[in-house]
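Reminder, nothing fancy here: chain letters follow the sequence lines and each chain counts from 1.
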Amino acid sequence: MGTWRTKVGIIEKVPALVKTKDSEMFSHFSKFAVSITKSMEHTRRNRIVDLLKSREFGSEVMVKGWVRTKRGNKNITFISLNDGSVIHHIQVVAEVARFDEEVLKLVTTGSCIAVRGTLVESMGQGQHVEIQAKEIEILGTADPETYPLQKKGHSLEFLRDIAHLRPRTNTFGAVLRIRHAMAYAIHKYFNDHGFFYIHAPIITGSDAEGAGAMFRVTTLDDRNPPLLPDGQVDYSQDFFGKETKLTVSGQLEAELGAMALSLVYTFGPTFRAENSNTPRHLAEFWMIEPEMAFYDITDNMDLAEDFLKYLMQYALDYCIDDLEFLTKMYDNELIDRLKGVINSKFERLSYTQAVEILIASGQTWEFPVAWGSDLQAEHERYLVEKHFGRPVILTDYPRDIKAFYMKQNPDGTTVRGMDVLFPRIGEIIGGSQREENLEALMNRIHEMNIPEKDVWWYLDTRKFGTAPHAGFGLGFERLILFVTGMANIRDVIPFPRSPKNAAF
RNA sequence: UCCUCCUUAGCUCAGUUGGUUAGAGCAUCUGACUGUUAAUCAGAGGGUCGCAAGUUCAAGUCUUGCAGGGGGAGCCA
């Protein structure tokens, strides 16, 4: 097990990690400075999630983690330790007489410690097992005068300002574990259903994705770019020899994959340079875009519904401790709402039917309802939360308010788009059957003034072996919003990017 | 980008019709306590009232501008 000594003293060698221009930040730290022995770095540790389930009382265990609270008296100290493996803490019991006073003094909220001891049945209330400590090593101190996180709860707004430390809170531990579980479940679902994961490019030269403003990618000198005679920037001298942007959607590339592998999906970062300041938008977010050859819009809806229900069930099966915490702390109805989605049949109706319901409702709207104009958030919310009381899939929108690639209906006025609307968050999925007919697609492209030279490769799929196909886009963070019950999308991604904010 | 609200101690917030030395709870520090559960009890320290200008004998408080944040809307996922 090696040496367990912890030397307390003035720092002589600042660890490499902090030996930067910020070193002065640590000068006030000297009273907490320790030189850390390497003895425990590579020894096996027990994860707290495993120990809390164990009933092997009397066995020797080792835990490493971050101190949440310390309490006690002059004889005995109780340390709540968390290693992120589970939302629950393990209680470490240390008899004061057995330890160097200076070491216990360094066990403060936020510090990182390693504990070797015996797993025992707890004598106290509130937990089944605890660790009777034999040895404690301070791996990293945390000056309590300056460590921002306290035992008490913090506002989510404050935690956004310290996003580098918020993973250490119960809330963000829960959110991040659920986020991971959902990412894994998405890959598992598609893999188990015969889909192949396609990596769509992040840098794109196509301006035709039509999903919003884009960030430019360039290596040109921003103060003195090469210019054309007419004063425009000469992008032929740029890195890629043309103007390039960050992708706003992987859909067009996913369609190329579906025209060969039949069932594909993308799952990657997506960038929108919109000046959107809302709790439901990010400038950088992750999107899942399945694309299926030989699927029509009904197959598309069936997949979307089954997929979402699978993810809700996966969260209930594998993240129940975190969900119970979030239900208790933030949203009393969270678990019931997830079960409600699983047990409900999504209501499917056309845009036209929805408009009729809204007009017949007698409600007064801030924005009037009229066939041909897009539904507002208040309209969608009424349908989902008041009229039907369950998720709703709207289809067959007026073609003039939807994208060029959507399959046109024989009526000549609507397209086979579909939006899945969820309670609380609105549109969670947007998708459609795609227009596979070359002539019809060309007509739309010309009507919408999309340069043919930018999408020739996309048109080739309709020219060579075209096939009926469909797909949709799921905003990953919107899914996590719904599954965690969080209210602001900036709280379900580790480091949110939004207008005026790219910190960390 | 539009509407609206907010910015006072490390955190969460009070702060009266403008008035003299700006408060509380928690956190922190010191002490007490033989098993605590966001421990408890006692005491102490801690403030450029977001920034800038203006009105006034006097501004945390009123006015204007700027910055940042929350909620709602639009854009969308």
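Note: A:Y310 and A:Y314 have tilted aromatic rings, judged against thresholds of 30 and 60 degrees for the angle between ring planes. Classified by interplanar angle (parallel below 30°, tilted 30° to 60°, perpendicular above 60°), the ring pair A:Y265/A:Y197 is parallel. Below 30°, between 30° and 60°, or above 60°: for A:W286 and A:F267 the angle between ring planes is above 60°, a perpendicular geometry. The aromatic rings of A:F422 and A:F482 lie perpendicular to each other, with more than 60° between the two planes, well past the 30° mark. The aromatic rings of A:W365 and A:H379 sit perpendicular, their planes meeting at an angle over 60°, well past the 30° parallel limit.
When heavy atoms are screened at a 4.0 angstrom cut-off, A:E130 is found touching base atoms of the nucleic acid. Among the protein residues, A:E378 comes within range of no part of the nucleic acid, since none of its heavy atoms lies under 4.0 Å from any strand. Across all strands, A:L282 comes closer than 4.0 Å to base atoms (heavy-atom distances). As judged by a 4.0 angstrom heavy-atom cut-off over every strand, A:G124 is placed among the base-contacting residues. Among the protein residues, A:S122 comes within range of the nucleic acid bases, having at least one heavy atom under 4.0 Å from a base atom. Using a 4.0 Å heavy-atom criterion, one finds that A:M123 contacts the bases of the nucleic acid, with or without backbone contacts as well. Nucleic acid contact class of A:T69 (heavy atoms, under 4.0 Å, all strands): sugar-phosphate only. A:Q91 comes within 4.0 angstrom of a base, heavy atoms only. Heavy atoms of A:D161 sit nowhere under 4.0 angstrom from any nucleic acid atom. The residue A:Q376 sits close only to the backbone: its heavy atoms come under 4.0 Å of sugar-phosphate atoms, none of a base. Within the nucleic acid shown, A:L149 has no heavy atom closer than 4.0 Å to any nucleic acid atom.
Comparing A:R160 and A:F367, the nucleotide of RNA chain B nearest to each residue sits closer to the 5' end for A:R160. Of the two residues contacting RNA chain B, namely A:I76 and A:I489, the nearest-nucleotide position lying further toward the 5' end is that of A:I76.
For the residue pair A:R272/A:T270, the side-chain donor-acceptor check at 3.5 Å is not satisfied. No side-chain N or O of A:E255 forms a donor-acceptor pair with one of A:Y405 less than 3.5 Å apart. Side chains of A:Y189 and A:D306: a donor-acceptor N/O pair is present below 3.5 angstrom, by distance only.
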For nucleotides 4-12 of chain B, give me every protein contact, N/O to N/O, under 3.5 Å, one pair per line with atom names.
residue: B:G10; atom: N2; partner: A:Q150; partner atom: OE1; Å: 3.1
residue: B:G10; atom: N2; partner: A:Q150; partner atom: NE2; Å: 3.0
residue: B:G10; atom: N3; partner: A:Q150; partner atom: NE2; Å: 3.1
residue: B:U12; atom: OP1; partner: A:S155; partner atom: OG; Å: 2.8

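Donor-acceptor pairing under 3.5 Å, judged by distance alone, is absent between the side chain of A:R71 and the base of B:C33. Side chain A:Q127 to base B:U36: a donor-acceptor pair is found below 3.5 Å.
Rounded to a whole angstrom, the distance from the C1' atom of B:G70 to that of B:A24 is 24 Å. For B:U48 and B:G43, the C1' atoms lie 29 Å apart once the distance is rounded to whole Å. Across B:A32 and B:G69, the matching C1' atoms stand 43 Å from one another, rounded to whole Å. Comparing the P positions of B:G65 and B:C3 gives an interatomic distance of 12 Å, to the nearest angstrom. Comparing the P positions of B:G10 and B:U28 gives a spacing of 15 Å, expressed to the nearest Å. Taking atom P in both B:G54 and B:G60, the straight-line distance is 15 Å, to the nearest Å. Taking atom C1' in both B:U8 and B:G15, one finds a spacing of 9 Å when rounded to whole Å. The same atom, C1', is picked in B:A9 and in B:C13; the two are 11 Å apart, to the nearest Å.
The nearest whole Å value for the distance from the CD atom in A:E366 to the P atom in B:C2 is 17 Å. Atom CG in A:L159 sits roughly 13 Å away from atom P in B:G70 (whole-Å rounding). To the nearest angstrom, P of B:C76 lies 21 Å from CG of A:L479. Summarising the geometry, the separation between NE2 on A:H379 and C1' on B:A73 is reported as 12 Å, rounded to the nearest angstrom. Remark: P of B:C76 and CD of A:E477 are 19 Å apart, rounded to the nearest angstrom. Rounded to an integer number of Å, the gap from A:D143 CG to B:C29 C1' is 11 Å. Whole-Å rounding puts the A:I79 CD1 to B:A38 C1' distance at 16 Å. Straight-line distance from the CZ atom of A:R168 to the C1' atom of B:A38: 19 Å, rounded to whole Å.
The side chain of A:A377 has B:A73 as its nearest neighbour among B:U28, B:A73, B:A77. With B:A77, B:C29, B:G68 as the candidates, the nucleotide lying closest to the side chain of A:M287 is B:A77. Closest to the side chain of A:F78, from the set B:C33, B:U36, B:C76, is B:U36. Of the listed nucleotides (B:C76, B:U36, B:G70), B:G70 has the atom at the smallest distance from the side chain of A:N488.
Just one residue in the list A:E291, A:M301, A:M418 forms a side-chain contact (heavy atoms from CB on, under 4.5 Å) with A:F472, and that residue is A:M418. Of the listed residues (A:T171, A:I178, A:L323), just one forms a side-chain contact (heavy atoms from CB on, under 4.5 Å) with A:T484, and that residue is A:I178.
Taking a cutoff of 4.0 Å between a charged side-chain nitrogen and a carboxylate oxygen, A:R177 and A:D321 do not qualify as a salt bridge. Between A:E60 and A:K134 a salt bridge is recorded (basic side-chain N to carboxylate O distance below 4.0 Å).
Contact between the side-chain N/O atoms of A:K151 and the OP1/OP2 oxygens of B:A27 is not found at any separation under 4.0 Å. The side chain of A:R280 contributes no N or O atom lying less than 4.0 Å from OP1 or OP2 of B:G71. Distances shown here put a side-chain N or O of A:R490 below 4.0 Å from the OP1 or OP2 atom of B:G70. One finds a side-chain N or O of A:N73 lying less than 4.0 angstrom from the OP1 or OP2 phosphate oxygen of B:G35.
Both thresholds, 5.5 Å between centres and 30° between ring planes, are met by A:F285 relative to the base of B:A77, so the two rings are stacked.
Legend: residues meeting side-chain hydrogen bond (donor to acceptor under 3.5 Å, both in side chains) with A:R47, ordered by chain and number and at least two apart, are A:D50.
In RNA chain B, consecutive stretches of 3 or more Watson-Crick or G-U wobble pairs with both distances under 3.5 Å are given as paired ranges: B:1-7 with B:67-73, B:10-13 with B:23-26, B:28-32 with B:40-44, B:50-54 with B:62-66.
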